[in-house]
Each structure stands twice: as structure tokens, then as C-alpha cells.
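As the structure lists them, so they are numbered: ligands from 1, and atoms in each ligand from 1. Hydrogens, waters and symmetry mates play no part in the numbers below; they use all other heavy atoms, side chains included. What you see is a predicted model, and the numbers here were worked out from it, not measured in a lab.
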Amino acid sequence: MTHPFLDLAPLTPAHFAAIERQTTSLLSTRQDVVITQGEALLPLEGCIRSGARPGSTALNVITGPYGQTFGNWLRDCGVTVVDLAVPFHTAVTAAQVRDALAARPEIDFVSLVHAEAATGNTNPVAEIGEVVRAHGALFMLDAVASVGAEPLLPDVWGVDLCVIGAQKAMGGPAGVSAVSVSERAWQRFAENPQAPRRSYLSLLDWKERWIDTGRTALPHAPAQLEMLALGACLERIESEGLPAVMDRHARAAAATRAGALALGGGLTPFVHEARDAAPVATTLRTPAGVDASELVAKALAGDPTLPLIAGGGALAGEMVRINHYGPDATQGVVHSSLAALGAALGDAASGTAAAVDLEAARAAVSEAWQRG
Ligand SMILES: *Cc1c(COP(=O)(O)O)cnc(C)c1O
């Protein structure tokens, strides 16, 4: 008996190349795009191990948990790491990056996360890109949580390595990712004696065996289901239109923020300024005495399909995340998520916290959604 997942025709090099072109077009880039057969941590680690020269100095901007991971990989490569950390409730500014670069002229690599789904903030990459370009460092951007949710223009912004994954705002599969690689970045990789070769982390292998040979033979069997899902998700974005997809995410974030403020009960936006809040996901701080993990569990008991999750690690007790991305970037999901949290909060804090106002939350969500 044939099975739709199992008995697939082989994915041809031409089909693989077509999906690669669709990805290139999503990023409006003229640079090479490498599709990587694993979730986004694979190209992120590949970029750092390829671009970070031992004995060199890198600026690692930390605005959430991923920045911490990058710093560890960089140090592992023998790089001196200058960490620029800002509180997770805010964004880094171009001026902070400029000062950090001016203080250490030898910095030749900068890593930055665009939007942080884990903490709900987003960084002004256009302005930061200008500063990095003026300094001359290679610029790596983790755009996994921004692609599809907000404007992302790697070429215009001078991003040398732009890493994306399909599983957030693109509404696609988690097991495949991509990175755009500038000519400068290829050069840096080629000159780096420590850049991975004959390795799953090697971007140079892909260039040599796929791009430079005219994309006629795949170096190894592609992750077929994920590639087909990536192609399907790119087609779905094309048919809705990327601006419309981004608009849904912007509305979802604005509506969630406004709805949470109107809801009362002590839930407050984790990211202080609305302009620093990421369109991909909204983070909320629970009131004192209300454990975020317990609150989320209670809210999900009524409807386990809602995109609610407690913060990771140390934030598990105090942060709730509403992952209003991909197909969940809708007014209905935003409203149901806040209603479920409001009901759970009413239970959790009965008598102690300020009353929750579900009707006010509904009206605020609807008003903010219309306003866009
Ligand atoms: C989600 C995300 C990733 C990918 O992480 P997963 O392990 O696939 O969840 C990478 N970077 C950022 C900023 C993300 O938000």
C-alpha cells in the first residue's frame, strides 16, 4: 500500500534548486542561499565555525537566550568575545553597537539576533547594519523569528550571513533552514583554516559541491519531506503575499499587547516599549505570586491548541509567551489566548489580584486589530 509520506518520488536537483530560488526571492537577496538540512541551529553553528577565525575578536550582541549560545560557539572557536548584553525587556541600539565597535577596532565579526521569540523583543537591524558596515566586520544575523513576521532585507542592511528557519512566522517545517551568504563571507570562510570541511556543518562543502558545479547533483539525499513542506510553505506565503503575512503578524502583536493591558489582573507586557516588541510573539509578565507555568497549564487545560507557553529557563515562573505566528497570527487566536489566560488568572488570583475584564480585552483586541 502506498503511503503519502513514505512512497515519494526522489526529489530532483531541479526541484531542490527551485525551492532554493523561492527562498532567495523571499529574502530579496542577490547572494547565494544555502538550504541546510536541519533546524536553524545547524546553519547558525556552521556560520560561526566558518566565519570566526581563531585569534580574532567578535562582538556578540545578547538580547535573549540565542545570543548566549552564539557567544559559547565563538569562544569554542578560539575567538575573543566581546559580549554586548542588554536587558531582555528592551532592544539594543545602533549607538550601543557603534560604541562597542569603536572601543575594540579589531572586532571583525558581529553576531546579532533580529527578533527573539523567547523574550519577545526585536532589534533595529537596518541601523545596526549601517554601523557594522562602516566598521567593516562580517555581520551574521539570526532572522529565524523575524522572517515572515517583519521586514527583512539582508542585502540592503549589509547582512553577510542571514539565517532563517521556516517554523515560526513562515508557518512551515522545523527540520530545514537556510542562510544567505555574501561574497565577503565566502571569502572569509575560504581563508579560515578552521572552517569545517567534509562536515555536516560545512557551508563551503555545499558551495563546492552544489553551487559551483551548477546545481546539477545533490551532495547527499535531501530531507525530502521537509523540502516539500518548505516548498509548500513558500507557495502559501507567495499566494497570500509576503506583505499581508507580515501585516497579520504586526496586527497580532499589537492586538495582544493592547488586549493584555485591557485585561487587567496584573499581566503586563514583558517588553517595555511597544516599538521593541517583536511581531512574531508577545511575552507577558505574570503578577507577583502567580507562577507562569501553572497559569499556562491552567489556560491550556480548556483548549490545548492555543499557542501559549511559559518562558524558558529562569523565566518559567514569570513569563508567558503567546506564539501568535504562522497560521496562529489571527484575531481569533489572539482573543482566545487572552480569554484563556484571563480565565486562568481569575482562578489563580481569586480575591487577591485586580479583577480581569474579558470584555475590555476583547474590545481592545478588536480595536487594535482594525487599526493595524
Ligand atoms: C526559534 C528560534 C531559533 C530556532 O530554534 P529552535 O530550536 O528551532 O526552536 C533560532 N533563533 C531564534 C531567534 C529563534 O527564535
Check the angle between the aromatic planes of F70 and W73 and answer parallel, tilted or perpendicular using the 30° and 60° thresholds.
-> parallel
From F109 CZ over to D160 CG, what is the distance, rounded to the nearest 0.5 angstrom?
-> 9.0 Å
Would you mind checking if R30 and E183 are paired as a salt bridge, meaning a charged N to carboxylate O distance below 4.0 Å?
-> no
Neighbouring protein residues of ligand 1 - any heavy atom closer than 4.0 Å = E39, Y66, V113, A115, A117, D142, V144, A145, Q167, K168
Result for side chain to side chain contact (heavy atoms under 4.5 Å, CB included) between D83 and one of L74, V61, N60 points to N60
Hey, does the side chain of R251 reach the backbone of W369 with a donor-acceptor pair shorter than 3.5 angstrom?
-> yes
Just distance, no hydrogens or angles: give the donor-acceptor pairs under 3.5 Å from side chains in residues 127-142, sequence neighbours left out.
| unit_1 | atom_1 | unit_2 | atom_2 | d |
| --- | --- | --- | --- | --- |
| R133 | NH2 | V156 | O | 3.2 |
| H135 | NE2 | P105 | O | 3.4 |
| H135 | NE2 | I107 | O | 3.0 |
| D142 | OD1 | V144 | N | 3.0 |

